[in-house]
Every structure is written in structure tokens, then in C-alpha cells.
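A short worksheet on the structure shown next.
Note that the numbering runs from 1 along the sequence shown for the chain. A quick note: this is a predicted structure, and the numbers were derived from the prediction, not measured.
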Amino acid sequence: QVQLVESGGGLVQAGGSLTLSCAASISIFSISTMNWYRRPPGKQGELVASITDGGSTNYADSVKGRFTISRDNAKNTVYLQMTSLRPEDSAVYYCNALRPRWGSQPPYNYWGQGTQVTVSS
């Protein structure tokens, strides 16, 4: 079982910055894609950012230019750098890892426990 441990959430004023971390219990070389999701209060969860084992990144339109996903393979850790934060960015943020399986089977899904980000006006 892969464990993902998230940290870095907290309270920040609008316009401020936070960096979230997600540490994996295995080498992230074995993980094809790592994602950050978020669930704002009373709303559905949404995909915020992704990074593949090849280093390709994707972002939700709402965070492009403000958030940056990156990884440190030596530390088995993925980061989400968040700048120019807005109140609507307030949510519980979840780290997600996809681990490939043989053949055409869908990958394994692993989730962190979530970390709260609150952006005040």
C-alpha cells in the first residue's frame, strides 16, 4: 500500500502564497502521474494540477499562471506552489497518485488525507 502524506496547508490572506507538499512512501519513479485535487466547501472536487513521470504538467484554467506543480524524485515528494491566492481557492487539497498495472487494467489510485487551505479576504 502506497501512503501519501500531505502538509503545508494553512490560513493565508488573499494575494499571499502557500506551498503544499506530498510525500510518497515509495519511489515516485513507479508512479505515472501525480495530481492535486481540491474540494471547496459545499462544492464538488476538482482536478487542480497534474505531473507525469515524464515531467509534463497540466493545470486547471482557474489556476494557470498562479499555481506550479513540481516534484523532487530524490525526496519522493511532489509540491504545489500557490501564489496570488484568492478566497475561492479555499478548499481541502488532496494529493493523488496513479500507479500503472499490467495490461489494460486501470492504474491503482492512492490518496492523501487532505490539507486545508483557507484564503481570507
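- Gln113 CD: more than 12 foreign heavy atoms inside a 6.0 Å radius.
- The two residues Gln116 and Ala91 have their closest heavy-atom pair at NE2-O, 3.4 Å.
- A donor-acceptor pair under 3.5 Å links the side-chain atoms of Thr83 to the main chain of Arg66, judged by distance alone.
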Checklist entry - When you look at Ile69 and Tyr59, which way does the side-chain contact (heavy atoms from CB on, under 4.5 Å) test go after all the steps? => result CA-CA 9 Å; Ile69 188 170; Tyr59 299 93; 3.4 Å; yes
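- Between the OG atom in Ser90 and the NZ atom in Lys43 there is a gap of 10.0 Å [rounded to 0.5 Å].
- Panel note: side chain Arg71, backbone Thr52; a donor-acceptor pair is recorded below 3.5 Å.
- Judged by the 6.0 Å and 45° rule, Arg39 forms no cation-pi pair with Tyr94.
- The pair Lys64-Asp61 counts as a salt bridge, with a side-chain nitrogen and a carboxylate oxygen less than 4.0 angstrom apart.
- Gln105 CD: more than 12 foreign heavy atoms inside a 6.0 Å radius.
- Rounded to the nearest 0.5 angstrom, Met34 CE and Asn76 CG are separated by 9.0 Å.
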Checklist entry - After noting the C-alpha distance and the side-chain angles of Trp111 and Tyr37, does the key distance pass the ring-ring contact (aromatic ring centres under 6.0 Å, His included) rule? => result CA-CA 10 Å; Trp111 293 90; Tyr37 285 81; 5.1 Å; yes
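- Tyr93 OH to Leu18 CG: the interatomic distance, rounded to the nearest 0.5 Å, is 9.0 Å.
- Applying the side-chain contact (heavy atoms from CB on, under 4.5 Å) rule to Thr77 yields the partners Ser21, Ala23, Lys75, Tyr79; only residues at least two apart in sequence or on another chain are considered.
- Of all the heavy atoms in Ser70 and Ile51, the pair that sits closest is CA-CD1, 4.1 Å.
- Both Val92 and Leu47 are assigned to one and the same hydrophobic cluster, defined by single-linkage of ILVMFWY side chains at heavy-atom distances under 4.5 Å.
- Between the side chain of Asn96 and the main chain of Asn109, no donor-acceptor pair closer than 3.5 Å is present.
- The main-chain N or O of Cys22 is never found under 3.5 Å from a side-chain atom of Glu6 such that the two would form a donor-acceptor pair.
- In this structure, the side chains of Val78 and Trp36 come closer than 4.5 Å at one or more pairs of heavy atoms.
- Across Thr115 and Ser7, no two heavy atoms sit closer than the pair OG1-C, 4.4 Å.
- Contact annotation: the side chain of Tyr108 never approaches that of Val2 to less than 4.5 Å [non-hydrogen atoms, C-beta and beyond].
- Of the possible polar contacts, none joining the Ser32 side chain to the Arg99 backbone as a donor-acceptor pair under 3.5 Å is found.
- With Arg101 contributing its side chain and Pro106 its backbone, the two residues share a donor-acceptor pair below 3.5 Å.
- In this structure, Thr19 OG1 and Met82 CE are separated by 7.5 Å, a value rounded to the nearest 0.5 Å.
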Next on the checklist: For a side-chain contact (heavy atoms from CB on, under 4.5 Å) check, start with the C-alpha distance between Phe67 and Asp89, then their side-chain angles and the critical distance, and finish with the verdict.
Outcome noted: CA-CA 11 Å; Phe67 290 13; Asp89 294 319; 4.0 Å; yes
Checklist entry - Does the pair Thr33 and Asp53 meet the rule for a side-chain contact (heavy atoms from CB on, under 4.5 Å), with working shown? => result CA-CA 6 Å; Thr33 303; Asp53 53 357; over 6 Å; no
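- Heavy-atom minimum distance, Leu80 versus Ala49: CD1-CB, 4.1 Å.
- For the atom pair CZ (Arg38) and CD (Glu88), the distance works out to 8.0 Å, reported to the nearest 0.5 Å.
- There is a side-chain donor-acceptor pair under 3.5 Å between Asn35 and Ser50.
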